[in-house]
Amino acid sequence: MFNMKTSDLFKRSKQLADFEGSDFITWNEAINCINESNVALYEKLINMGDNSFVDSFRMKDKEKVLPENFWQLKGVYLWNNGNLQVINRRADADGIHHLSYELRNGSIYLYGNPNDVLVEYFPKPKKLFFKPNSVTIDLDAEKTYLDCCKHSFLYSDITDSEEPAYSVVDLDGIKDVNKTLIGIEPTDVVGVWLTDNYILVRTVSTLYIHDIARNVESDIDAFPVVSENGEVFLMHDGIVKSFTIKVLSGSTYVDTKDIGTYELIDGGLFYVCNNSMNDFYYLKDNTIWYGTVDAGIIADKIIYADKKCYYLNDSEIGCVENELKKVIEQTNGDNIGFIGIDERTGFGYCSKKYGKYFVIPYCEDTELNYPNSTYFQIISYILAIAFKSKQGADISLLQNELAMIEQTFEETLGSDAFQFPRMGNVYN
């Protein structure tokens, strides 16, 4: 295997395109070009008959949902005591008793009552990233920041003898909030969070909600739930509720509406979920829980994005999918919170180090595992041609060099007797 980082691919492609030391392309444009080039390489390899990335599954039923990583079908075969017989795609004129298969609505259907079938497919190409450089932001280094969201930062100047007081500083200059919780002891506060629209303060018995835009607040016995798109809900006794703060005769109250019952995940301090509200993670006893399972990951802040729960603690940023943990990076600052998981910029969280505040990438420098270095050569040239094209420069020399590399590679690809012509119409 030939291992390399996405950042190495980017550097090599800029060399080939004669753009070293140039800032002609933004990070987001570079990531898009890299992933488009990776897909182009993937398709070239498939068309050449390269089976390096083939995956498979067995099925005995007449219908099966395709794997989540399914990209393109390679072949369907009847498994008969270790012997394979090709199963063709169902023609319009074929009846349901004719041995055949069909792809439809994210599932594969079998006809003719086969009892054991092998399905080979090409999985989705890996999404590639490299880290953008961290950037400094203009925040008062003397203040104690508790959380952040997008361009807003929540801080507190209280001492142990004062009532909790929270303020929001907005780098866009739009939000200006100062909120004091009257009659509350600072030691009663067990959690403080900032979202795009609310300051949320949970004490041992109550959740205080301050609506930033309307400058109204109220309280309720509940725990916050934040969905992937940033919308806030409430959890109480296993029931998730939508809410709004209403004003009546000079007093405020939280008006709620039940959305669904989730008894198996009751008991958390702070929840995050997808927008469909069928995938929940939450903080309980200072660790991340998934359903009724303690993932065993200590975390201070969590956020839901890309079908995962990203987390921050004193020493690392990582993610957990179901109960599977992945450490993205060891951190070396005082982590404040997530500004958001943004694929357009690569930035994810804010941290204080060296006496300054930084916005830091959440993504890692993706490692590519190619069978040999020729794959790296091909994708480097594809990407260099894309860079040249964006500048309107001549790409003929790079195209000729790429064609020679591809010709040599195709001639060396192995082929055996059991190699059928590529099937058409194989995308799901």
Side-chain angles (χ1 to χ4, degrees), residues 146-147 149 154 164 166 179 181 183-184 188-214 216-249 251-297 299-311 319-323 337-338 340-341:
L146 306 175
D147 201 6
C149 180
L154 178 70
Y166 303 100
K179 171 61 184 170
L181 299 182
I184 302 300
D188 287 340
V189 176
V190 295
V192 181
W193 305 276
L194 177 67
T195 70
D196 202 20
N197 298 311
Y198 300 101
I199 299 173
L200 305 166
V201 181
R202 175 69 199 193
T203 68
V204 292
S205 61
T206 305
L207 178 67
Y208 291 84
I209 308 170
H210 181 88
D211 187 320
I212 297 173
R214 297 167 58 209
V216 295
E217 62 275 338
S218 191
D219 59 85
I220 189 172
D221 182 13
F223 297 90
V225 180
V226 181
S227 65
E228 185 171 8
N229 62 8
E231 192 171 357
V232 180
F233 302 88
L234 303 177
M235 170 75 78
H236 180 70
D237 288 340
I239 300 175
V240 174
K241 308 168 182 282
S242 61
F243 74 95
T244 184
I245 298 178
K246 292 191 175 181
V247 181
L248 181 63
S249 301
S251 299
T252 61
Y253 67 98
V254 180
D255 185 39
T256 64
K257 180 181 179 181
D258 293 357
I259 293 179
T261 301
Y262 304 86
E263 294 179 355
L264 293 179
I265 61 171
D266 191 21
L269 177 66
F270 180 80
Y271 297 79
V272 295
C273 65
N274 60 351
N275 295 330
S276 300
M277 304 193 81
N278 57 13
D279 192 23
F280 283 83
Y281 297 84
Y282 56 102
L283 291 176
K284 179 181 178 182
D285 301 327
N286 297 318
T287 62
I288 299 175
W289 287 64
Y290 177 73
T292 59
V293 178
D294 183 355
I297 302 169
D300 301 314
K301 303 291 182 181
I302 57 175
I303 188 172
Y304 191 100
D306 192 27
K307 300 180 181 179
K308 306 179 188 69
C309 174
Y310 288 84
Y311 70 88
C319 63
V320 55
E321 188 170 4
N322 299 335
E323 303 107 67
F338 288 101
I341 300 298

[atom1]-[atom2] distance between [X] and [Y], expressed to the nearest 0.5 angstrom:
X    : Y    : atom1 : atom2 : result
N274 : D306 : CG    : CG    : 11.5 Å
E228 : M277 : CD    : CE    : 12.5 Å
T261 : D266 : OG1   : CG    : 10.5 Å
C319 : I302 : SG    : CD1   : 13.0 Å
I341 : C309 : CD1   : SG    : 10.0 Å

Full working for side chain to side chain contact (heavy atoms under 4.5 Å, CB included) between L200 and I209
CA-CA 5 Å; L200 305 166; I209 308 170; 3.9 Å; yes
Which heavy atom of [X] sits nearest to which heavy atom of [Y], and what is that distance?
X    : Y    : value
I303 : V272 : CA-CG1, 4.1 Å
K307 : D279 : O-OD2, 4.4 Å
L283 : I288 : CD2-CG1, 4.1 Å
W289 : T292 : CZ3-O, 3.5 Å
Y311 : A299 : CB-CB, 3.9 Å
G268 : K284 : CA-CB, 4.3 Å

What is the ring orientation for F338 with Y310, classed by angle as parallel under 30°, tilted 30 to 60°, or perpendicular over 60°?
perpendicular
Identify whether NZ of Lys or CZ of Arg in R202 sits under 6.0 Å from the centre of the six-membered ring of F270 and within 45° of that ring's axis.
no
Side chains of [X] and [Y], heavy atoms from C-beta outward: is any pair under 4.5 Å?
X    : Y    : answer
I220 : F243 : no
N322 : V293 : no
W193 : L269 : yes
Y166 : V192 : yes

Under 4.0 Å between a Lys/Arg side-chain N and an Asp/Glu carboxylate O for K301 and D147?
yes
Under the criterion side chain to side chain contact (heavy atoms under 4.5 Å, CB included), I'd like the reasoning laid out for Y271 against I265: C-alpha separation, chi angles, the key distance, then a yes or no.
CA-CA 9 Å; Y271 297 79; I265 61 171; 4.3 Å; yes
Decide side-chain hydrogen bond (donor to acceptor under 3.5 Å, both in side chains) for N278 and S276; before the verdict, give the C-alpha distance in whole Å, the side-chain angles of both, and the deciding distance to 0.1 Å.
CA-CA 6 Å; N278 57 13; S276 300; 4.7 Å; no
Short side-chain to backbone donor-acceptor contact, D211 and A213, under 3.5 Å:
yes
For T252 and E217, indicate whether the former's side chain and the latter's backbone hold a donor-acceptor pair under 3.5 Å.
yes
Test side chain to side chain contact (heavy atoms under 4.5 Å, CB included) on Y304 and V226; report intermediate values, then the result.
CA-CA 8 Å; Y304 191 100; V226 181; over 6 Å; no
Are Y262 and Y282 an aromatic pair, judged by ring center distance below 6.0 Å?
no
Between N197 and I212, is a side chain to side chain contact (heavy atoms under 4.5 Å, CB included) present by the stated rule, with each step listed?
CA-CA 6 Å; N197 298 311; I212 297 173; 5.8 Å; no
Is N286 atom CG crowded by more than 12 heavy atoms from other residues, nucleotides or ligands, each under 6.0 Å away?
no
Which atom pairs, one a donor and one an acceptor, fall under 3.5 Å between side chains of residues 230-240 and the rest of the protein, sequence neighbours left out?
{"residue": "H236", "atom": "ND1", "partner": "D221", "partner atom": "O", "Å": "2.9"}

